[in-house]
Q: 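Dumping the structure here so I can ask a few things about it.
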Amino acid sequence: MAFGKGHHLHLVDGSAFIFRAYHALPPLTRKSDGLPIGAVSGFCNMIHRMIEANTGPDAPTHAAVVFDKGSHTFRNDMYDLYKANREAMPEDLRPQIPLTREATRAFNLACLELENYEADDIIATLARQAREAGGRCTIISSDKDLMQLVGGGVEMFDAMKNLRIDADGVEEKFGVRPDRVVDVQALAGDSVDNIPGAPGIGIKTAALLINEFGDLETLLQRADEVPQPKRRQTLIDFAEQIRLSKKLVTLDDRTPIDVTLDDLEVLEPDAQVLLEFLTKMEFRTLTKRIADGLGVEAPAIPDTDPRGAEPAESGAPQMPPIDRGAYEVVRDAQALQVWIDRALARGEVAIDTETTGLNEMTADLVGISLATGPGVACYIPLTHKAEAGEGLFGGDALAEGQMGLDQALAMLKPVLEDASLLKILQNAKYDVKVLARYGIEVAPIDDTMLMSYAMNAGLHGHGMDALAERYLGHMPIPIKDLIGSGKSQITFDRVKIEDAAPYAAEDADVTWRLWQTFKPQLHRARVTTVYETLERPLVPVLARMERAGIKVDRDVLSRMSNAFAQKMAGLEAEIHELAGEAFNVGSPAQLGEILFEKMGLPGGEKGKTGKYATPADVLEDLATEHDLPGRVLDWRQLSKLKSTYTDALQEHINRDTGRVHTSYSIAGANTGRLASTDPNLQNIPIRTEEGRRIREAFVAAPGRVLVSLDYSQIELRILAHIAGIDALKQAFREGQDIHAATASEMFGVPLDQMTSDVRRQAKAINFGVIYGISGFGLARNLRIPRAEAQGFIDRYFERFPGIKDYMEATKAFAKQHGYVQTLFGRKIHTPEINAKGPGAGFAYRAAINAPIQGTAADIIRRAMIRMEAAIDGLPATMLLQVHDELLFEVDEGAADTLIARARDVMEGAAHPAVHLDVPIVVDAGQGANWAEAH
DNA sequence: GTACTCACG
DNA sequence: GACGTACGTGAGTACG
């Protein structure tokens, strides 16, 4: 393919990459033999990122990486002081130079260098050829010496700042068009390259002069016309030095290279060659990442002696102790750029955001901390307020010594969105949501909280403090130490920067260390797939659902609140009348006194605190003997509905969106279920008619409808599959009423003669089985004698013998391994299973339940993760998840299409990982509000 | 902060 | 033989 119009050449300034990588990274060494490889590692990361970032329609058709060769060039023959002030190459960099050439070839990129010439000259030559052939050329470099080449289809790209530089960009830098850049450089000189130029003339003055006289030669010839005497004399006295300078800065675009553009066509890397090289270098992270990208198995890199290991790649982390004094406070763009370079050269960075509150929908960004290695962390304060008394406007002015929020975010956005830079976070959803409000879509991510959850669900919590203490033996600064608690609590922007920095940077440092600790463990625990397919991908999905929120009609709630209040007042009066005295109906202790002491009713039991307990089932029994308990039950129901729902929900309506935004905790429930908080939208009433009406307040926006899809009997279907109960499977395949079918099987009643009471009992047993049934529990639930309940259970086991086998097998597995698993490999630990005492009973039943509940949770997670792509293009939004239900909001006309597509996703969610031998059925509904839709 | 109660799946 | 039990959650209120 002859290079020409429509082709796009990328030229990478390889030597610049090497130096940037070398200075950005700590001195890493290869674990097996101590060979310094930091620069090679950074170089490979940068090349990999560049390739990843260039996959679109603008992708290069041709590319080469260009290097300097040796330190002597033709310019030294002209001027022996050229680049004479350059420091010698560091000793630990020298052996890495040939490795970077090898790396380039391993990526299947052309690798160019030429004796006696600089990389810049080769770049100039190829750029000219590309231009002349009518194609485009992008020079990946930020070196100003290359700016003279810009124009006519040639542009530069600063890979670190993610910035394109065209002719306008060059003019911004030099004050002249690209073709006059060398004139300005000749006059201004360059202390870095030791170009003498004209003493006393800088870029500004040089540009002024060139623009006035047209070009350098004209200027020098007409120097006597320059009005300023000093400037005039300089130009006359140093004319030859200036002409020499111009020769030195002018790139040679006729170098005798032995390749043509056609030789530089972009080729796919040979997976084997590339992975072999990366493995040889012992780059664990990068090898894995690239292998994943190529869709091949990552070759194993043997663990060798950890002494002298380079931190990023070591299996058993050897980390320096946490030193809060070592963190940097980043206060300007230059300092931030150093950290960005470090992150890019590393290929991964730990991040933590500090905000004014815990609610991601309303909290504002106060600062960001970064870590690029254990102990290598900084804090970037952004919107800390000045202390009271400081500055003219007292407490509302910003504190000194912070870079502007906009500038910092502009610099960080390309980094946070860089597809080949891994962002490591603890509870990533929080930061992802906060940053989304600033127009930043953080990706890709790793989440240490979810890594811990995938490995250790059931063993302990997964908050940062718990993880730091357990895995790092370190207690991070409690946030209370900074912001206090209770009434006197302040927001984080009121914390002094000096105090905030150690806290904030420590969190990024701890996150980095946790990641380093967990990453190798994940694989060993065989939960990598769980983490990568069930945990991590849920973060952006939930973030979007939470940010969308659901519209709640305040007036509906408000009216209900008033109605409840009136009814409650009436009931309260009746209750006091019946009791013969006034007391707090909401106090179980006081109510107990009235019922069991004053009125002498039976069944009074005291709780741990020696007070009477008055749960609903006890009051229900008492209701047959007296009017009062029934009234209390009614009052309690109203009280619950009012305080928890109609009142509290109004407080959660967001001022700006008019919607309610819950927060789902991904690692809250041990079984894999989500948990909804602030507010909990997974327990909105439905079982009673009065409570159900609260769902009428959850509405669709005008012109839209709510659509609800829920799995029918998913846990029983999973039980039928896991335990292999043929009769149940058959009933599900035939679409029978499963509880009626169970009753028929157990009691021998034909389906057409089934009574609702028998069906109800069978239903209770079916649920009981899922929960790890006991005679006592079933007896209490059905309000029947324990012996009778036990009889039901015995009969059930008799009719469905596989159930008993499943329970025994699960228990044995838990006892042996300390955990149980879902069909998708999720582990739920059962540390109490071998304990003595009642704890073992709890653990046993939890172990029975966990694989069933957890498998159902996995299935709906898979559905949610796939849902966005499936409904892409529809005017529909996924809003809520309630364990077996997904709630959507959609334009009226598209509801049926949505239902069809979402149902397909939900019903097929187990595939292809698991093939259930029961059908999965999803019911759907739609309406103006949640009550109608469900 | 803990206990009790109750809303959901 | 006694003990204590349905599984998983979150939140509001009372009370010390």
Side-chain angles (χ1 to χ4, degrees), chain A residues 457-458 485-486 583-592 605-619 632-633 635-649 651-652 662-665 668-688 690-692 694-695 710-716 719 764-782 786 789 793 820 828 830 836-854 856-857 860 880-885 934:
Chain A
S485 62
F583 70 100
N584 185 350
V585 183
S587 166
Q590 290 182 34
L591 176 66
E605 283 183 48
K606 294 186 176 180
K608 289 178 194 169
T609 47
K611 298 278 193 296
Y612 281 112
T614 57
D617 54 347
V618 172
L619 295 187
V632 171
L633 284 170
W635 183 92
R636 276 195 186 164
Q637 196 202 353
L638 294 175
S639 166
K640 177 75 177 178
L641 294 178
K642 182 172 186 294
S643 66
T644 309
Y645 300 105
T646 57
D647 286 351
L649 224 37
E651 310 291 318
H652 283 285
T662 184
S663 181
Y664 290 100
S665 58
N670 289 335
T671 53
R673 273 196 180 178
L674 301 179
S676 162
T677 62
D678 308 303
N680 181 354
L681 295 185
Q682 290 181 323
N683 70 346
I684 303 302
I686 193 167
R687 290 172 185 171
T688 67
E690 256 176 326
R692 188 189 178 92
I694 289 172
R695 295 191 173 219
D710 67 284
Y711 285 108
S712 163
Q713 306 292 358
I714 182 123
E715 292 190 353
L716 272 179
L719 173 71
I765 298 169
N766 275 334
F767 278 112
V769 167
I770 291 170
Y771 296 151
I773 199 161
S774 75
F776 180 92
L778 184 65
R780 198 171 70 168
N781 192 284
L782 285 177
R786 196 168 152 182
I793 293 170
V820 292
I828 298 108
T830 56
K836 302 273 172 251
F842 282 112
Y844 164 68
R845 290 188 298 273
I848 301 289
N849 174 257
I852 301 166
Q853 187 180 118
I860 197 166
L880 300 179
Q881 188 250 44
V882 193
H883 309 309
D884 63 1
E885 172 188 8
H934 189 83

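Note: hydrogens, waters and symmetry copies are ignored here, and every other heavy atom, side chains too, is used. To find a chain, count down the sequence lines: A is the first, B the second, and so on, and within it residues start at 1.
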Q: Of the options dG12(C), dA3(B), dG10(C), whose atoms approach the side-chain atoms of Thr644(A) most closely?
A: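 Given the options dG12(C), dA3(B), dG10(C), the side chain of Thr644(A) is closest to dG12(C).
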
Q: Quick one: look up who dT5(B) pairs with, Watson-Crick or G-U, both distances under 3.5 Å, and put none if it's unpaired.
A: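 Its partner is dA11(C) (Watson-Crick or G-U wobble, both distances under 3.5 Å).
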
Q: Which nucleotide sits closest to the side chain of Arg673(A): dA6(C), dG9(B), dG16(C)?
A: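 Between dA6(C), dG9(B), dG16(C), the one nearest the side chain of Arg673(A) would be dG9(B).
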
Q: Determine whether a donor-acceptor pair (one donor, one acceptor, N or O, separation below 3.5 Å) exists between the side chain of Arg636(A) and the base of dT13(C).
A: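 Not at all, since no donor on one side and acceptor on the other fall under 3.5 Å apart.
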
Q: For Gly607(A), which contact category applies under a 4.0 Å heavy-atom criterion: base, sugar-phosphate, or nothing?
A: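 It contacts sugar-phosphate atoms only.
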
Q: Ignoring the backbone of Thr677(A), work out which of dG10(C), dG12(C), dC6(B) is nearest its side chain.
A: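 My answer, after comparing the listed nucleotides, is dG10(C).
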
Q: Would you indicate what Ser774(A) reaches in the nucleic acid, counting non-hydrogen atoms under 4.0 angstrom: base, sugar-phosphate, or nothing?
A: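 If one applies the 4.0 Å heavy-atom cut-off, Ser774(A) turns out to touch a base.
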
Q: Would you name the heavy atoms of Ile694(A) and Pro685(A) that are closest together and state the gap between them?
A: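 Shortest heavy-atom contact: CD1-CG, 4.1 Å.
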
Q: Out of dG10(C), dT5(C), dC4(B), which has the shortest distance to the side chain of Arg786(A)?
A: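 The nucleotide sitting nearest to the side chain is dT5(C).
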
Q: Just to be sure I understand the rule, does Ala779(A) reach a base, reach only the sugar-phosphate, or reach nothing, if contact means heavy atoms closer than 4.0 Å?
A: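 No contact.
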
Q: Mind checking the P distance from dC4(B) to dA6(C)? Whole angstroms is fine.
A: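 Between the two P atoms, the distance is 13 Å.
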
Q: Please give, in whole Å, the distance from dA2(C) C1' to Lys836(A) NZ?
A: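 It works out to 17 Å between those atoms.
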
Q: Looking only at the side chain of Tyr771(A) (C-beta and beyond, no hydrogens), which of the listed nucleotides dA6(C), dA11(C), dT5(B) gets closest?
A: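 That would be dA6(C).
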
Q: Under 4.0 Å between a side-chain N or O of Asn584(A) and OP1 or OP2 of dA14(C)?
A: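 Answer yes for this pair, as a side-chain N or O of Asn584(A) is under 4.0 Å from OP1 or OP2.
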
Q: How would you label the contact of Phe842(A) with the nucleic acid (heavy atoms, under 4.0 Å): base, sugar-phosphate, or nothing?
A: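 Answer is sugar-phosphate: Phe842(A) comes under 4.0 Å of backbone atoms only.
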
Q: Write down the distance separating the P atoms in dT5(C) and dT5(B), rounded off to the nearest Å.
A: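 To the nearest whole Å, 14 Å.
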
Q: Report yes if a side-chain nitrogen or oxygen of Ser587(A) is closer than 4.0 Å to either non-bridging phosphate oxygen (OP1 or OP2) of dC15(C); otherwise report no.
A: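 Looking at the OP1 and OP2 atoms of dC15(C), one of them is under 4.0 Å from a side-chain N or O of Ser587(A).
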
Q: Name the nucleic acid region contacted by Arg692(A), choosing base, sugar-phosphate or nothing; use a 4.0 angstrom heavy-atom cut-off, strictly under.
A: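 Touches nothing.
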
Q: In this structure, how many angstroms lie between the P atom of dA6(C) and the CD1 atom of Ile848(A), rounded?
A: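 So the two atoms are 16 Å apart, to the nearest Å.
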
Q: Does the dG9(B) base have a donor-acceptor partner in the side chain of Arg687(A) within less than 3.5 Å?
A: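 Pair found.
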
Q: Ignoring backbone atoms, establish whether Arg845(A) has a side-chain N or O less than 4.0 Å from OP1 or OP2 of dT5(C).
A: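 Result: no.
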
Q: Counting heavy atoms from C-beta on, name the nucleotide in dG10(C), dC6(B), dC4(B) closest to the side chain of Leu633(A).
A: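 From the listed options, dC6(B) comes nearest.
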
Q: To the nearest angstrom, how far is Tyr844(A) atom OH from dA6(C) atom C1'?
A: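 So the two atoms are 12 Å apart, to the nearest Å.
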
Q: For Gly772(A), report the nucleic acid contact type (base, sugar-phosphate, nothing); a contact means any heavy atom under 4.0 Å.
A: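 Nothing: the residue Gly772(A), judged by heavy atoms under 4.0 Å, touches no strand.
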
Q: Give Gln590(A) one of three labels, base, sugar-phosphate or nothing, depending on what nucleic acid heavy atoms sit under 4.0 Å from its own.
A: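 Since only primed, P, OP1 and OP2 atoms lie under 4.0 Å of Gln590(A), the category is sugar-phosphate.
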
Q: Whole angstrom is fine here: how far is it from CG in Asn781(A) over to C1' in dC7(C)?
A: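 Going from Asn781(A) (CG) to dC7(C) (C1'), I get 12 Å.
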
Q: How many whole angstroms separate atom OH of Tyr645(A) from atom C1' of dC6(B)?
A: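 After rounding, the gap between these two atoms is 8 Å.
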
Q: Grab the OH-C1' distance between Tyr612(A) and dT5(B) for me, whole Å please.
A: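 Taking OH of Tyr612(A) and C1' of dT5(B), I get 19 Å after rounding.
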
Q: Searching all strands shown, indicate the nucleotide that pairs with dT5(C) (Watson-Crick or G-U wobble; both distances under 3.5 Å).
A: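 Answer to the pairing question: none, since dT5(C) forms no Watson-Crick or G-U pair.
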
Q: Arg695(A) side chain to Ile684(A) main-chain N or O, any donor-acceptor pair under 3.5 Å?
A: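 Indeed, once roles are kept as given, a pair shorter than 3.5 Å links the two residues.
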
Q: Does a side-chain N or O from Thr614(A) land closer than 4.0 Å to OP1 or OP2 of dT5(B), or not?
A: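 It does, given that an N or O in the side chain of Thr614(A) lies less than 4.0 Å from OP1 or OP2 of dT5(B).
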
Q: Nearest to the side chain of Ser643(A), which nucleotide is it out of dG12(C), dC6(B), dA6(C)?
A: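 Within the option list, the nearest is dG12(C).
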
Q: So Leu778(A), base contact, sugar-phosphate only, or nothing? Heavy-atom distance under 4.0 Å.
A: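 The residue Leu778(A) makes base contact.
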
Q: Given dC8(B), dT13(C), dG10(C), which nucleotide is nearest the side-chain atoms of Pro685(A)?
A: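 Selected nucleotide: dC8(B).
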
Q: Within this structure, what is the CD-to-C1' distance between Gln881(A) and dG9(B), rounded to whole angstrom?
A: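 Result: 10 Å.
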
Q: Which part of the nucleic acid, if any, lies within contact of Ala648(A), taking any heavy atom under 4.0 Å across all strands shown: a base, the sugar-phosphate backbone alone, or nothing?
A: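 Answer is sugar-phosphate: Ala648(A) comes under 4.0 Å of backbone atoms only.
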
Q: Looking across every strand, which nucleic acid part, if any, lies under 4.0 Å from Ser639(A) by heavy atom: base, sugar-phosphate, or nothing?
A: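 Nothing: the residue Ser639(A), judged by heavy atoms under 4.0 Å, touches no strand.
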
Q: Quick check: do Gln682(A) and Leu674(A) have side-chain heavy atoms less than 4.5 Å from each other?
A: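 Yes, their side chains come closer than 4.5 Å.
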
Q: Which pair of heavy atoms, one from Ala850(A) and one from Val820(A), lies closest together, and at what distance?
A: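 Residues Ala850(A) and Val820(A), closest heavy atoms: CB-CG2, 3.9 Å.
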
Q: Kindly give the heavy-atom pair with the smallest separation between Ala856(A) and Glu715(A), and that separation in Å.
A: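 Looking at all heavy atoms of both residues, the shortest contact is CB-CG, 4.1 Å.
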
Q: Any sub-3.5 Å donor-acceptor pair from Thr644(A)'s side-chain atoms to Lys640(A)'s backbone N or O?
A: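 Yes, the answer is positive, given that a donor and an acceptor are paired below the 3.5 Å cut-off.
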
Q: Calculate, to the nearest 0.5 Å, the distance between atoms CG and OG belonging to Asp678(A) and Ser663(A) respectively.
A: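 It is 6.5 Å, given to the nearest 0.5 Å.
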
Q: Rounded to whole angstroms, how far apart are CD on Glu690(A) and P on dC6(B)?
A: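 For the pair Glu690(A) CD and dC6(B) P, the rounded distance is 15 Å.
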
Q: Applying a 4.0 Å non-hydrogen cut-off, can you work out what Lys608(A) is touching in the nucleic acid: base, sugar-phosphate, or nothing?
A: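 Lys608(A): backbone/sugar contact only, no base atoms under 4.0 Å.
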
Q: At 4.0 Å (heavy atoms only), tell me whether Ala856(A) reaches a base, stays on the sugar-phosphate, or touches nothing.
A: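 Ala856(A): no heavy atom of the nucleic acid under 4.0 Å.
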
Q: Is there a side-chain contact between Leu716(A) and Ile770(A) (heavy atoms, below 4.5 Å)?
A: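 A side-chain contact exists here, since the closest heavy-atom pair is under 4.5 Å.
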
Q: May I ask you to say what Asn680(A) touches in the nucleic acid, namely base, sugar-phosphate or nothing, with a heavy-atom cut-off under 4.0 Å?
A: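 The residue Asn680(A) makes sugar-phosphate contact but no base contact.
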
Q: Consider the side chain of His883(A), meaning its heavy atoms from C-beta on, and name the nucleotide among dG10(C), dT5(B), dG8(C) that approaches it most closely.
A: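 Nearest nucleotide to the side chain: dG8(C).
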
Q: To the side chain of Ala613(A), which of dT5(B), dG10(C), dT5(C) is closest?
A: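 Of the options given, the side chain of Ala613(A) lies nearest dT5(B).
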
Q: Can you check whether Arg780(A) reaches Arg786(A) side chain to side chain, under 4.5 Å on heavy atoms?
A: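 Side chain of Arg780(A) against side chain of Arg786(A), heavy atoms only: no contact under 4.5 Å found.
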
Q: Using a cut-off of 4.0 Å on non-hydrogen atoms, how would the nucleic acid contact of Asp884(A) be classed: base, sugar-phosphate, or nothing?
A: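 Touches sugar-phosphate only.
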
